[in-house]
Protein chains: 2
Amino acid sequence: MALAFLASRPGAFCSVREIVDDLKLPKRLLAEVLKDMSRATLVDATRGPGGGYRLAMDAKTLPLSRVVEVLEGPVSIADCGDGCSLQPSCLIQTGLTQVTASIRKVLDNMTVAELLEQTDTPAAKAILSV
Amino acid sequence: MALAFLASRPGAFCSVREIVDDLKLPKRLLAEVLKDMSRATLVDATRGPGGGYRLAMDAKTLPLSRVVEVLEGPVSIADCGDGCSLQPSCLIQTGLTQVTASIRKVLDNMTVAELLEQTDTPAAKAILSV
DNA sequence: ATAAAATAGCACCAAAATAGTGCCATACAA
DNA sequence: TTGTATGGCACTATTTTGGTGCTATTTTAT
Ligand code: SF4
Ligand code: SF4
């Protein structure tokens, strides 16, 4: 939601306060998330009065898969890696890997810009008309 | 994994013991899961010696979406329903709904039979050759 | 009959993941 | 110099998930 908000104000630095005033999110929590995204260079940050965050790239080139990876790590539905003890007897590993790939493709193919544009609630329309 | 196992023994009743001997799963836990699936008529059950579980339908007609729904409820990545307090200011609801639909489509389009057939590990090949 | 093999039900505990805070440091602008 | 803002990181609280305890019921074989 915060990224969608930033996408609606391209180029402008928006403070956490501004964002949560609009979106009604817990302020401290969103602050932590934005810090994470800043560290991952998904957003730019500037401090001090007038500062805040802005998207580090065009929202049209920011797929949801990237966001998920930054916030939750690699897209996956089963951690076959790091030594799953069931692997030797597992009957579905490759199949699940394919399902995961399909899901990642879904997330690759939707951008933050689309996420916002596709949403037709009053709040989303209002912010787009500004 | 258990459903894939049952898919490899079509028509035959397999006990929890048999399944966990092969798949190395915690017995009691798998038992609970199979009970759930039995209640949801995903599998048939018979009691007593020689009893166990078998698929209630052809594995080729059992999509993963059905399995997920039975075990974890409706496929979703955000519970917009039952009164999300953020809904009035949410900028991404419709977009996320579309992502969810795409993911469900992925799960609709892979069956338990495919899940097993696609898997090319030694264990999976072995069970298929029997 | 009786014993043994299996599922049925359901509450309960334990571990892990997620949501959310506290606290202080640092940077920037007026 | 003061107020506004992000940076870092440990910490608590809540929820979800993984797993167990216990008992009842059904079925087959002796
Ligand atoms: S899919 Fe098979 S191998 Fe991968 S995590 Fe699940 S059990 Fe382990
Ligand atoms: S998407 Fe928007 S409406 Fe749906 S749950 Fe998340 S915040 Fe609430």
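Reckoned from all heavy atoms, side chains included, excluding hydrogens, waters and symmetry mates. Note on naming: letters A, B, ... go to the chains in the order of the sequence lines (proteins, then strands), and numbering restarts at 1 for each one.
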Q: Decide yes or no on side-chain contact (heavy atoms from CB on, under 4.5 Å) for B/I19 and B/L6, but give the supporting numbers first.
A: CA-CA 8 Å; B/I19 300 173; B/L6 293 179; 4.1 Å; yes
**Q.** Atom-to-atom span, CG of A/L86 to C1' of D/dG19 - whole angstrom
**A.** 14 Å
Q. Given the rule that I, L, V, M, F, W and Y join up when any side-chain heavy atoms are under 4.5 Å apart, are A/V112 and A/M110 in one cluster?
A. yes
Q) Starting at CZ of A/F13 and ending at C1' of D/dT4, how long is that distance when rounded to a whole Å? A) 15 Å
Q) Do A/K35 and A/E32 meet the salt-bridge criterion of a basic N to acidic O distance under 4.0 Å? A) yes
Q: Please work out if A/R17 contacts a base, only the sugar-phosphate, or nothing of the nucleic acid, heavy-atom cut-off 4.0 Å.
A: nothing
Q. More 5' along DNA chain D: A/A31 or B/G50, using each one's nearest nucleotide?
A. A/A31
Q: Give the C-alpha distance, both sets of side-chain angles, the deciding distance and a yes or no for side-chain contact (heavy atoms from CB on, under 4.5 Å) between B/R17 and B/K27.
A: CA-CA 7 Å; B/R17 162 126 300 144; B/K27 182 182 172 186; 3.2 Å; yes
(Q) Can you work out whether B/P49 or A/G48 has the more 5'-proximal nearest nucleotide on DNA chain D? (A) A/G48
Q. Looking at B/S38, does any N or O in its side chain come under 4.0 Å of the phosphate oxygens OP1/OP2 on C/dA8?
A. yes
(Q) Let's test your reading of the model: under 3.5 Å, does the base of D/dT6 pair with the side chain of A/R47 as donor and acceptor? (A) yes
Q.
Strictly below 4.0 Å, N to O, side chains only: are A/K105 and A/D108 in salt-bridge contact?
A. no
Q) Of the candidate nucleotides D/dC9, C/dA8, D/dT6, which contains the atom at the shortest distance from the side chain of A/E32? A) D/dC9
(Q) What is the separation between atom CG on A/L25 and atom P on C/dG20, rounded to the nearest whole Å? (A) 9 Å
**Q.** Nearest listed nucleotide, side chain of B/K35, among D/dT28, D/dT6, C/dC10
**A.** C/dC10
Q | Atom-to-atom span, CG of A/L29 to C1' of D/dT6 - whole angstrom | A | 16 Å
Q | Verdict with reasoning, A/C80 to A/L96, per side-chain contact (heavy atoms from CB on, under 4.5 Å) | A | CA-CA 9 Å; A/C80 304; A/L96 278 193; 5.7 Å; no
Q: For the pair B/T119 and A/L91, evaluate side-chain contact (heavy atoms from CB on, under 4.5 Å) and give the outcome as yes or no after the intermediate values.
A: CA-CA 7 Å; B/T119 297; A/L91 303 177; 5.8 Å; no
Q) In whole Å, what is the span from the CG atom of B/D21 to the P atom of C/dA6? A) 11 Å
(Q) From CD1 of B/I19 over to P of C/dA6, roughly how many Å is that when rounded to an integer? (A) 12 Å
Q | Nearest-angstrom distance from the residue atom NZ of A/K27 to C1' of C/dA19 | A | 18 Å
(Q) Quick check on contacts: within residues 67-79 of chain A, what sits under 4.0 Å from DNA chain D by heavy-atom distance? (A) none
Q. A/Y53 OH to C/dC28 P: how many Å, rounded?
A. 14 Å
